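One structure is given here, and the rest of the page talks about it.
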Amino acid sequence: MRTRRFAHQTLSRGGVALIDLHTHTTCSDGTDTPRGLINAALSHGINVIALTDHDSIAGWPEAISALRGDIELVPGAEISCLTDSGISVHMLGLLFDGTNTDLLTMLEQTRDDRIPRMVKMIELLNNAGIHVSMQDIEEVMPHGATMGRPHLADALVKRGVIASRDEAFKSLLNNESEFYVAHIAPTPEAAIARIRAAGGVAVIAHPCASRRGETLQSDAFASLVAAGLSGIEVDHRDQNGDERAMLRTIALELDLAMTGSSDYHGSGKLNTLGECTTSPEQWEKLESMANARRVMRARDK
Ligand code: AMP
Ligand code: ZN
Ligand code: FE
Ligand code: FE
């Protein structure tokens, strides 16, 4: 394959580069608008920021319009996946063609099914005497956002049932909870194939984040690589030192790029922008695997 040197051209110009490849906005369960995210990234001195809302690219146009200075925007999405054995996996798709209808249809199917899934979760909570309604969700959820458990958590906070999103995820809304309902999602291999077919790169997000439920075994990575996986998110606050070391070993063995990122959600999570970052070398490796140059800068608008 021809080696491209997209990232290198811009990053080598000025000293240290802060590269954060995983963030959320009000288009999913983050609390900053896409414009607010770009402003926050600028004030944190971030050089390269990926916008990766859950199952949505709705934030791309506003984020692009907010660009100024030299900051580079990596268009992306975090795709909710389910393995055949029911393990939840998050796949970051970066640098794909945002007009690819196969990929957009896959995201839309997931977003659509999140609505009946929410209705079912609300029903289970109601049956247990916990009062919350779809109207409560609509009141707390920004218009057009990908509907998710964090919005249910916000509705429960507003009703005084629970103190915070974090508390909700430790109890009522945990993957192991009796109130948890899954939604339709592609397998990780199917998501990777769609991302690659749309010219982008696939990075598995926080593969060892066990607080959220069962995680992949290390032997599962071979099948992801066969499907076209490009990278592993190694440095993430939900993975400890041993887990990161294990992921680094897998990445080296399989010749995958290693990323680090914040998974920033505004005030929806404790994660701060740039708390984990990706090295310029690893970013260059990753970007060279996309089929076109899709990073956006103010001067490209
Ligand atoms: P869902 O996609 O609707 O199943 O909701 C899962 C999402 O909730 C994850 O992608 C996280 O972004 C978010 N989440 C998980 N744990 C927490 C937490 N402790 N606090 C806030 N948000 C969380
Ligand atoms: Zn989230
Ligand atoms: Fe995630
Ligand atoms: Fe995330």
Side-chain angles (χ1 to χ4, degrees), residues 20-32 37 49-59 74 76-82 86-94 107 109-122 124-125 132 134 137 140-142 145-157 162-177 179-186 191 202-215 233 235-239 259-273 275-276:
D20 188 340
L21 297 179
H22 181 170
T23 69
H24 299 269
T25 72
T26 45
C27 292
S28 62
D29 55 357
T31 60
D32 288 1
L37 172 74
I49 181 112
L51 170 55
T52 56
D53 275 308
H54 297 289
D55 309 310
S56 173
I57 66 165
V74 179
E78 183 176 18
I79 303 178
S80 314
C81 306
L82 265 186
I87 300 174
S88 163
V89 172
H90 285 178
M91 192 62 61
L92 295 167
L94 304 174
L107 300 182
Q109 281 169 349
T110 299
R111 285 199 309 274
D112 285 353
D113 195 58
R114 282 170 165 278
I115 297 163
R117 176 259 198 149
M118 183 65 78
V119 170
K120 284 183 205 149
M121 287 191 75
I122 287 173
L124 291 172
L125 287 161
V132 64
M134 211 53 185
I137 305 290
V140 296
M141 192 180 90
T146 301
M147 186 181 284
R149 280 179 284 164
H151 304 115
L152 179 52
D154 292 347
L156 291 168
V157 169
I162 208 128
S164 65
R165 278 190 182 185
D166 209 43
E167 195 187 306
F169 274 92
K170 283 185 184 137
S171 56
L172 292 179
L173 304 189
N174 193 272
N175 288 43
E176 320 291 334
S177 149
F179 305 113
Y180 177 74
V181 176
H183 56 74
I184 287 179
V203 177
I204 183 167
H206 47 67
C208 295
S210 54
R211 230 170 16 120
R212 305 160 188 224
E214 198 184 341
T215 57
E233 188 176 56
D235 291 311
H236 182 288
R237 71 153 58 206
D238 294 350
Q239 294 172 160
T259 71
S261 33
S262 65
D263 203 355
Y264 175 72
H265 280 69
S267 61
K269 269 189 179 181
L270 299 173
N271 313 27
T272 56
L273 270 175
E275 67 175 25
C276 291

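Ligands are counted one by one from 1 in listed order, and the atoms in each one are counted from 1 as well. If you're wondering where the values come from, they're calculated on a predicted model, not measured in any experiment.
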Mind checking whether Val89 and Pro207 have side chains closer than 4.5 Å, heavy atoms only?
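No, their side chains stay 4.5 Å or more apart.
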
Using atom types as modelled and distance alone, determine if a side-chain donor or acceptor of [X] lies under 3.5 Å from a backbone N or O of [Y].
X      : Y      : result
Thr23  : Ala50  : yes
Thr52  : Glu78  : no
Thr146 : Arg111 : no
His151 : Ser28  : yes
Ser164 : Glu167 : yes
Arg117 : Val181 : yes
Thr26  : Pro142 : no

Protein N/O/S atoms under 2.8 Å of the Zn ion (ligand 2)?
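N, O, S partners closer than 2.8 Å: Asp29 OD1, Asp29 OD2, His54 NE2, His265 NE2.
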
Over all heavy atoms of both residues, which pair between Asp263 and Lys269 is shortest? Give the atoms and the distance, please.
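Heavy atoms of Asp263 and Lys269 come nearest at OD2-NZ, 4.0 Å.
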
Going by the rule ring-ring contact (aromatic ring centres under 6.0 Å, His included), which residues pair with His90 if we only count those two or more places apart in sequence or in a different chain?
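Per chain and number, His90 pairs via ring-ring contact (aromatic ring centres under 6.0 Å, His included) with His54, His206.
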
With a 6.0 Å cut-off (strictly less than), is the heavy-atom count around CD1 of Ile115, excluding the residue itself, greater than 12?
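Result for CD1/Ile115: enclosed.
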
Under a 3.5 Å threshold, I'd like every N/O contact between ligand 1 and protein atoms, with atom names and distance.
| from | atom 1 | to | atom 2 | distance (Å) |
| --- | --- | --- | --- | --- |
| ligand 1 | 2 (O) | Arg114 | NH1 | 3.3 |
| ligand 1 | 2 (O) | Arg114 | NH2 | 2.8 |
| ligand 1 | 3 (O) | Arg114 | NH1 | 3.0 |
| ligand 1 | 3 (O) | Arg117 | NH1 | 2.8 |
| ligand 1 | 3 (O) | Arg149 | N | 2.8 |
| ligand 1 | 4 (O) | Arg117 | NH2 | 2.8 |
| ligand 1 | 4 (O) | Arg149 | NE | 2.9 |
| ligand 1 | 4 (O) | Arg149 | NH2 | 2.9 |
| ligand 1 | 10 (O) | His54 | NE2 | 3.2 |
| ligand 1 | 12 (O) | Asp29 | OD2 | 3.1 |
| ligand 1 | 12 (O) | His54 | NE2 | 3.2 |
| ligand 1 | 12 (O) | His265 | NE2 | 3.0 |
| ligand 1 | 19 (N) | Asp166 | OD1 | 2.7 |

Enumerate the protein N/O/S atoms at a distance below 2.8 Å from the Fe ion (ligand 4), ignoring waters.
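Atoms qualifying: His22 NE2, His24 NE2, Glu78 OE1, Asp263 OD1.
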
Under the salt bridge (charged side-chain N to carboxylate O under 4.0 Å, His left out) rule, what do Arg114 and Asp55 come out as? Steps first, then yes or no, please.
CA-CA 10 Å; Arg114 282 170 165 278; Asp55 309 310; 3.2 Å; yes

If we count only N and O atoms by modelled type, under 3.5 Å, do the side chains of Asn174 and Arg149 hold a donor and an acceptor together?
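Side-chain D/A pair, Asn174 to Arg149: absent.
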
